[in-house]
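Per chain, numbering begins at 1; letters A, B, ... match sequence-line order.
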There are 2 protein chains.
Amino acid sequence: MRILEVAGPIFAEKGRRETTIRDIVQAAGVNQAAVNYHFRDKDGLYAEVLRLATHTAREQEPAEDAPAEQRLRDLVRTSVERLLGHQRQAWHTRLMLRELEEPSPAFVSLVDEIVGRIMPRVERIVAELNPRLGEEERWLCCHSLMSHCNGMPKAEFFLERSRPGWGERAAEERIRIMTDHISRFCLAAIGGLE
Amino acid sequence: MRILEVAGPIFAEKGRRETTIRDIVQAAGVNQAAVNYHFRDKDGLYAEVLRLATHTAREQEPAEDAPAEQRLRDLVRTSVERLLGHQRQAWHTRLMLRELEEPSPAFVSLVDEIVGRIMPRVERIVAELNPRLGEEERWLCCHSLMSHCNGMPKAEFFLERSRPGWGERAAEERIRIMTDHISRFCLAAIGGLE
DNA sequence: AAGCATTTCAAACGCTAGTTTGAATCGGTG
DNA sequence: CACCGATTCAAACTAGCGTTTGAAATGCTT
């Protein structure tokens with residue numbers, strides 16, 4: 001379906017509310033009524049896009065037998081790349097972050113699946129990095145890590161403002177620096193707690 | 001001006017786009033044309049609200065002679081409280097975070113002022129906590145800290161989902177736990193780097 | 001090829017939200 | 001009190017958006 005393909009990136013870029021059906025059908029080169037015909041209404045299309053995003057966003061599972069440091073770094077790099085890079089699948093993450101700000105009904109029913117897929121992996125990494133952590137503290141560390149991975153690249157706007165010239169560096173370099181920093185920061189934190 | 005007082009919280013809660021002029025004038029108990037008369041148009045009002053928010057958001061400057069650990073904790077607590085608490089001035093922060101997601105033209109011209117007010121203070125804390133850090137690393141740590149303070153409380157939605165029952169605890173307890181964790185996490189990270 | 005369900009289309013409908021308008025009201029000044 | 005600029009108000013205007021509609025086109029089955 002042509003509509004589904006173009007709708008994802010548009011929703012991700014402009015937001016659910018700001019995106020108009022006319023935007024989408026124009027990009028898809030189809031008639032305006034097509035959305036209502038195939039997806040009932042705008043929300044129906046959005047829910048479908050969101051479902052698609054969560055299902056295709058399952059990253060290539062990295063080697064689970066690598067040392068925890070390496071797995072953490074992979075995790076960080078994936079997140080950072082998705083937000084700073086300009087890849088095809090970047091819109092998945094952007095859409096998720098929008099939802100996090102202001103969850104839509106369609107999202108609420110999907111978040112459990114996302115949590116269930118990511119959290120165990122992160123928990124395992126944190127547990128290996130610091131076996132002395134209690135259960136609640138490990139849980140908090142997982143969220144620290146994830147919020148860090150998503151929040152910092154997203155706030156690139158502020159980065160640029162507090163250090164002019166940052167935005168002019170090559171994307172690949174920005175990704176490397178930020179991945180590097182977040183990994184080291186979180187490794188130091190998790191390893192140093194308790 | 002009655003309008004300015006009520007507009008801030010409404011914009012913060014519903015977002016710039018979703019907030020209607022009718023929402024605001026109804027809450028203010030004034031006629032609809034008042035917004036256009038006094039602020040030219042909706043964007044004019046929004047810009048004014050934003051300006052007001054950045055100017056009144058200057059927190060009570062905490063004791064600058066306290067040890068760096070204490071100052072960091074104060075900083076964290078202020079952020080967390082603003083996002084998890086239900087205080088009067090919480091809307092300032094919420095509005096800022098919305099802008100961070102999707103900066104409006106009005107915001108861009110104000111962000112330098114915000115950065116200029118917060119960053120030096122954070123830089124000083126980080127520098128005292130770990131004098132061995134290089135300049136760029138210190139800068140990154142500052143943003144780690146701030147993104148952490150804002151991102152984690154904002155993602156409470158995920159917290160709740162990965163640990164049901166979290167949301168039912170008293171607000172004061174959630175604030176304490178999160179402040180505690182973020183402070184310790186960042187202290188361990190900053191102190192342990194290099 | 002005829003018939004039928006499915007899909008596409010241009011056009012219009014209804015609603016909502018920002019803005020404009022022109023009259024009414026207010027508040028100070030000569 | 002009369003005047004006049006500033007402000008308030010109810011009402012209408014305008015534009016954009018989601019949705020509906022009914023006809024046209026398409027494609028599959030017999």
Rounded to whole Å, how long is the line connecting atom CZ of Arg2(A) with atom P of dC9(C)?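 These atoms are roughly 12 Å apart.
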
What is the distance, to the nearest angstrom, from the CD atom on Gln26(B) to the C1' atom on dT8(D)?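 Interatomic distance, CD of Gln26(B) to C1' of dT8(D): 18 Å.
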
What orientation do Phe185(B) and His181(B) show, parallel under 30°, tilted 30 to 60°, or perpendicular over 60°?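 Ring orientation, 0 to 90° scale: tilted.
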
Donor-acceptor side-chain pairing of Ser104(B) and Glu99(B) below 3.5 angstrom: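 Yes, because at least one side-chain N or O of Ser104(B) sits under 3.5 Å from a partner of the opposite role on Glu99(B).
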
Does the cation-pi check pass for Arg16(B) over Phe11(B), that is, NZ or CZ under 6.0 Å from the six-membered ring centre and within 45° of its axis?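 So Arg16(B) doesn't make the cation-pi contact.
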
For Glu81(B), is there an ion pair with Arg176(B) - N to carboxylate O distance below 4.0 angstrom?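 Answer for the salt bridge query: no.
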
Main-chain N/O of Ala12(B) paired with Arg98(B) side-chain donor or acceptor, under 3.5 Å: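 Pair found, side chain donor or acceptor close to backbone of Ala12(B).
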
Would you say His38(B) reaches dA6(D)'s phosphate, i.e. side-chain N/O to OP1/OP2 under 4.0 Å?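 No, outside the criterion.
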
Protein-to-nucleotide contact annotation, 5' to 3' order, nucleotides 16-22 of chain C [B base; S sugar-phosphate only; - none; under 4.0 Å, heavy atom]: -BBBBB-

